[in-house]
Protein chains: 2
Amino acid sequence: MTTRPASGGGSRQRRVPEATVVRLPLYQRILSEMLHAGSTTVSSEDLAARAGVTAAKVRRDFSLFGSFGTRGTGYDTAFLAAQIDRALGADRDWPILIIGIGNLGRALANSDGFSSHGFRIAGLYDVDPAVVGARVAGVVVRQLDELVDGPRAAIGVITAPAAAAQAAADALVAAGAASILNFAPRVLSVPARVMVRYVDLSIELQVMSFFLARRDLDLPPLGVGLGVRPDARDGASPA
Amino acid sequence: MTTRPASGGGSRQRRVPEATVVRLPLYQRILSEMLHAGSTTVSSEDLAARAGVTAAKVRRDFSLFGSFGTRGTGYDTAFLAAQIDRALGADRDWPILIIGIGNLGRALANSDGFSSHGFRIAGLYDVDPAVVGARVAGVVVRQLDELVDGPRAAIGVITAPAAAAQAAADALVAAGAASILNFAPRVLSVPARVMVRYVDLSIELQVMSFFLARRDLDLPPLGVGLGVRPDARDGASPA
DNA sequence: TCGTGTGAACGATTTCACAGCC
DNA sequence: GGCTGTGAAATCGTTCACACGA
């Protein structure tokens with residue numbers, strides 16, 4: 001839509017590509033840093049350089065949500081940050097349920113990633129009696145069986161071993177979780193209404209070894225630096 | 001930068017889209033499991049179902065590497081697995097250098113992701129004297145300063161805090177690392193020859209909260225059918 | 001003049017659909 | 001009959017390039 005109310009009732013209903021959605025948190029983080037540094041306006045080019053993407057991408061991304069910028073000047077840093085926050089739902093409460101409190105589960109529970117943007121650890125679960133009862137990140141670990149009725153719009157995080165991942169997903173679904181972030185190397189089977197995203201260390205490493213192996217093949221013995229994608233951004237890599 | 005992606009240099013082999021590359025490790029894992037279960041042949045449809053993708057995608061992906069299948073029958077499970085392994089460089093040795101041995105670094109160092117596909121922990125580094133000297137996953141943690149000349153084709157993994165991530169990247173680049181997997185919430189600046197991939201928990205969560213927040217908006221305000229929209233989204237969303 | 005917002009071109013990836021082989 | 005391999009079409013995402021407003 002070509003609406004352009006600089007404020008107020010923005011045009012909201014438009015399809016936003018996942019590629020754009022993945023960049024929003026990145027922009028948001030950079031804008032937040034810039035705000036702390038005293039920035040009041042920012043151009044698409046400046047933001048693009050900091051985010052490692054192109055300026056056209058930045059402008060296109062924001063244009064999907066309305067016209068936030070001022071021609072000749074750029075974007076108001078604070079206003080832009082607020083708009084992105086709102087789009088990302090950072091002004092709401094997002095309960096997180098973590099299943100599998102091993103090394104990775106503990107690491108994540110204690111990480112900064114949970115301590116902002118509305119995310120809040122609402123429960124930690126494991127099946128191992130040796131772990132149940134422990135206090136991690138200020139929350140007592142409970143037996144997975146006790147996860148029966150979770151909070152609404154909860155996000156489940158699976159850090160259990162691969163063999164236990166599907167059972168963990170089933171428990172989350174039964175408890176009403178709306179989406180699942182799976183760190184276990186397993187494809188999950190869930191109802192269509194539940195969104196699933198995958199984070200897989202092993203896949204990331206193998207993607208790298210693929211390109212490195214191929215680089216050797218492609219490169220004539222004394223190759224000059226060959227370009228691997230200059231535009232590297234992909235944090236989210238599913239599988 | 002905003003420059004040309006340099007046509008891959010693909011003289012020897014056909015160009016393989018990154019989207020395909022990310023799926024290869026997934027296929028490989030599934031094939032490996034099927035082999036253990038005694039499977040001898042597999043159809044694109046069967047494999048697709050297990051991987052949560054479409055059969056056409058599977059066939060297209062494999063066709064980029066040659067004609068591995070038999071019409072009317074499918075693919076030879078073992079042969080296909082071997083071909084993928086080779087493409088991924090699983091038959092080589094891939095030294096891994098991990099920088100930042102906190103909770104996450106320890107978790108990853110001990111994870112299964114490193115114990116196969118040719119990956120091998122070649123070094124653990126940290127700047128904290130309290131951590132240096134500890135033995136993690138059978139390897140002694142060393143001071144980051146000591147990382148000066150790394151193994152060739154090494155893959156660096158950054159699990160340091162955001163504030164230390166760029167320094168870690170600089171150290172890896174100076175030591176000759178060929179690629180970097182960055183878990184810190186920071187865009188890294190590296191020479192074009194170094195490939196960087198990002199894994200960011202916070203971004204993954206925010207992507208989810210974006211879609212959950214939007215789902216609420218899309219829903220009719222009150223009442224009519226309290227389920228979620230029949231928004232036919234795959235169970236396993238991202239590729 | 002500067003930098004946004006966006007049609008239009010381009011490129012990448014997916015899907016269709018079917019010919020060809022077992 | 002069943003299933004692969006692949007042109008062609010469709011879809012999705014990025015980049016170009018420039019009109020327009022501040």
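The chains referred to below are lettered A, B, ... by the order of the sequence lines, with proteins before strands, and numbering in each begins at 1. This one's a predicted model, so the numbers in the text were calculated from it and none came from an experiment.
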Separation of D:dT14 atom C1' from A:L64 atom CG, nearest Å, is 12 Å
A:F183 ring center within less than 6.0 Å of A:Y198 ring center: no
Which part of the nucleic acid, if any, lies within contact of B:T20, taking any heavy atom under 4.0 Å across all strands shown: a base, the sugar-phosphate backbone alone, or nothing? nothing
How close or far is atom C1' of C:dC18 from atom CZ of B:R71, stated in whole angstroms? 11 Å
Quiz question: going by heavy-atom distance under 3.5 Å, is there a donor-acceptor pair between the base of D:dT15 and the side chain of A:R60? yes
Measure from the side chain of A:S67, starting at C-beta and using heavy atoms only, and say which of D:dT4, C:dA12, C:dG5 lies closest. C:dG5
Tell me whether the OP1 or OP2 atom of D:dG2 has a side-chain N or O from B:Y75 closer than 4.0 Å. no
Return the value, rounded to whole Å, for the distance between atom NZ of B:K57 and atom C1' of C:dA12. 13 Å
Measure CZ/B:F62 against C1'/D:dT4 and give the value in whole Å, please. 12 Å
Would you say A:T70 places a side-chain N or O within less than 4.0 Å of OP1 or OP2 belonging to C:dT4? no
Nearest-Å distance for atom pair CZ/P, residues A:F79 and C:dT4: 15 Å
Salt-bridge contact A:R197-A:E18 (side-chain N to carboxylate O under 4.0 Å): yes
d(CZ, B:R59; P, C:dG20) in whole Å: 16 Å
NZ/NE/NH1/NH2 to OD/OE distance under 4.0 Å, B:E33 and A:R186: yes
Answer yes or no: is there an ion pair linking A:D200 with B:R29, defined by an N-O contact shorter than 4.0 Å? yes
For a 4.5 angstrom cut-off between non-hydrogen side-chain atoms, does A:P17 reach A:L64? yes
Quick one: on DNA chain D, does B:A56 or B:T73 contact a more 5' nucleotide (nearest heavy atom)? B:T73
What's the closest nucleotide to the A:S43 side chain, out of C:dG3, C:dT14, D:dT4? C:dG3
Below 4.0 Å: OP1/OP2 of D:dC3 and any side-chain N or O of B:S44: no
Protein-nucleotide distance (B:L80, atom CG; D:dC3, atom C1'), rounded to Å: 14 Å
Given atom CZ of B:R23 and atom P of C:dT14, what is their separation to the nearest angstrom? 4 Å
